[in-house]
Structures are given as C-alpha cells and as structure tokens.
Amino acid sequence: MDTLQSIVTNPAYHDYLAILKGARNGFVYGVKVRFPHAVVMSILFGRGDWRTRLWNIYRATRQHAFNLAKFVTLYKTFLLVQRKANGGKERSSDTFMAGLLGGYIVFGDRNAVNEQIVLYVVSRVISSFLPRAGRSASNSSADSAIKPLPPDSRYFTVFAALSWGAVMWLFRHHGETIQPGMFNSMTYLYRDSETWSNLRTLLWHNT
C-alpha cells in the first residue's frame, strides 16, 4: 500500500495518472448526466414495456459514460504526446488538435447519444462568441483563476430571439432538419396541442 501511495503522489507519474483520473471522471459524469435524463425521457416519451425501457436507459447511460471516458482519455493522451514532442511545452493549437482527433474518433459515429452531445457542445461554442458581461480573464496564466462570465444581456436578448425565431420557422417549414429529440418535443408542444376530441383529451391526455 505504501508503494502504491508513493507512486500515486510521485510527480513523475502525474501526467499519466491524470489520464486515468480523467477517464474515471468522464465515466462518472456521463452516468450522472445521462441516467436521470434517460429515466425522465423513458417515462414521458418511452415506447414498449418496462423491460424495453429499462434496457434503453441502461444502453444510453452506458454509451454516454463510456464515450466521455474515452474522449477524456484520448484528449489528455494527445495533449501529452504533443507536449512531449514539443520539448515539454504546450502550444495554443494543441488543445484544438487533441479535441479534433478525440471528437472524430469518439463522437464521429452518428447515433442519438452522440448527436445530443455534439449539439450541446455546438450550442456552447456558438454562444461563446457573444460578448461577455465583463472583462475576460483568459489571459491569466493559471487555469484555476479563469471564471466563466455570462453573456452581455443586451446581446443575449437578440441571440435568444433569433434562435427561437429560427427554430420555429424550421419546425414549420423544414422539420426534417431538426434533431429528432427536439422535433419530438416540439411536436408534443405545438402540434399535439392543436387536436382534441373531448374534455379529457383537452386537459388530461393527448388524443
């Protein structure tokens, strides 16, 4: 145990153990994020008997967790390889290249879970171009000193309006281009609310 403890705390092994812990954190975070989401979606919109629904919950949770674990592992590994190839120094482009390769390998396969994750990332990347409410601390040398800043409320208002206007137009005129999960949600909200046959299907249950 003492030998193992000395290895874990040895700075010489830090970069390699960081890959291991990154994989662990990716797996745990994937379970925390996907499991409750899969449970709720299965209850609200799931099809089939409960055995089928439980299998779908397990499958989605497993895929999300393992994909995040694999991505973090590859990302940190690619960063380490590039840093060692550059004499121990990290270049600004290293993170992009590591993310690009990891994203291609792990999330390049088009399926429901990957599509949701990629769209989540895309929305965050796009919104990052909105002007921030205060000065950015991105020039700080310490990662721990960087704190996210919310978007400027004036620009966010325009961004929100354009986003909703665009998605509602797409839903009405080009619904085939919308991600299936969002399309189903929008159908439930906007189309299913157009039809009913009695008081029960008006207030309690869809037709």
Side-chain angles (χ1 to χ4, degrees), residues 25-72 99 102-131 133 148-207:
N25 285 2
F27 183 86
V28 171
Y29 187 79
V31 172
K32 287 183 177 181
V33 170
R34 176 57 60 171
F35 179 73
H37 175 270
V39 170
V40 171
M41 295 303 291
S42 178
I43 293 174
L44 293 179
F45 303 110
R47 297 178 180 178
D49 57 22
W50 282 106
R51 178 177 295 180
T52 301
R53 297 190 188 194
L54 288 174
W55 169 250
N56 290 335
I57 292 170
Y58 166 75
R59 184 176 57 183
T61 302
R62 180 188 62 185
Q63 184 177 11
H64 197 140
F66 275 108
N67 279 9
L68 280 183
K70 287 187 289 186
F71 179 80
V72 177
Y104 177 80
I105 294 171
V106 178
F107 297 109
D109 181 27
R110 193 269 169 192
N111 54 62
V113 172
N114 280 357
E115 187 174 357
Q116 290 172 357
I117 295 173
V118 171
L119 290 177
Y120 175 88
V121 172
V122 168
S123 67
R124 269 54 183 179
V125 171
I126 293 175
S127 64
S128 72
F129 290 102
L130 290 174
L149 296 172
D152 185 292
S153 60
R154 297 167 298 175
Y155 294 99
F156 180 80
T157 299
V158 176
F159 179 69
L162 290 174
S163 297
W164 278 101
V167 76
M168 297 312 300
W169 183 85
L170 286 171
F171 177 67
R172 175 61 65 89
H173 300 288
H174 296 281
E176 72 279 1
T177 65
I178 296 179
Q179 190 266 344
M182 186 170 190
F183 182 84
N184 291 337
S185 298
M186 295 181 75
T187 298
Y188 183 83
L189 291 170
Y190 307 113
R191 289 184 181 167
D192 291 351
S193 59
E194 291 289 327
T195 59
W196 61 89
S197 58
N198 51 43
L199 183 62
R200 178 177 179 273
T201 55
L202 173 66
L203 299 177
W204 181 251
H205 195 277
N206 280 329
T207 304

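As a basis for the values below, the full set of heavy atoms in this structure was taken, side chains included, without hydrogen atoms, waters or symmetry mates. Counting begins at 1 with the first residue of the sequence.
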Geometric class of the F66/F27 ring pair [parallel <30°, tilted 30-60°, perpendicular >60°]: perpendicular
Side-chain heavy atoms of M182 within contact of L119, under 4.5 Å: no
Separation of N111 CG from I117 CD1 (nearest 0.5 Å): 8.5 Å
Face-on cation placement of R172 at Y190 ring, 6.0 Å and 45° thresholds: no
For the student: nearest non-hydrogen atoms of F35 and T61, plus distance: CA-OG1, 3.5 Å
Residues, nucleotides or ligands: over 12 heavy atoms within 6.0 Å of F156 CZ: no
For the student: nearest non-hydrogen atoms of L130 and Y155, plus distance: CD2-O, 4.1 Å
Distance-only donor-acceptor check, side chains N114 and N67, under 3.5 Å: yes
Taking every non-hydrogen atom, the tightest pair across L189 and S193: O-OG, 2.8 Å
Worked check of side chain to side chain contact (heavy atoms under 4.5 Å, CB included) between V28 and N25: CA-CA 5 Å; V28 171; N25 285 2; 5.7 Å; no
F183 to G175 - nearest heavy-atom pair and separation: CD1-O, 3.6 Å
Pair T52, D49: side-chain N/O donor-acceptor within cut-off below 3.5 Å: yes
Close side-chain approach of F171 and T187, heavy atoms under 4.5 Å: yes
Rounded distance (nearest 0.5 Å) linking atom CD of E115 with atom CZ of R110: 4.0 Å
Minimal non-hydrogen separation, F71 against G103, with atom names: CE1-N, 3.4 Å
Atom pair CG (L44) and CG (N184), whose distance is rounded to the nearest 0.5 Å: 12.0 Å
Side-chain donor/acceptor of S42 to backbone N/O of V39, under 3.5 Å: no
Rounded distance (nearest 0.5 Å) linking atom CD1 of I43 with atom CE of M41: 11.0 Å
Flag if over 12 foreign heavy atoms under 6.0 Å of CH2, W50: yes
By side chain to side chain contact (heavy atoms under 4.5 Å, CB included) - contacts of V33 (at least two apart): Y29, H64
Residues V113, F107; criterion side chain to side chain contact (heavy atoms under 4.5 Å, CB included); working and verdict: CA-CA 9 Å; V113 172; F107 297 109; over 6 Å; no
Least distance between heavy atoms, A60 atom then R34 atom: O-CG, 3.4 Å
Exercise: do R53 and N56 side chains pair donor with acceptor under 3.5 Å: no
CG-CD1 distance between L170 and I178, expressed to the nearest 0.5 angstrom: 5.5 Å
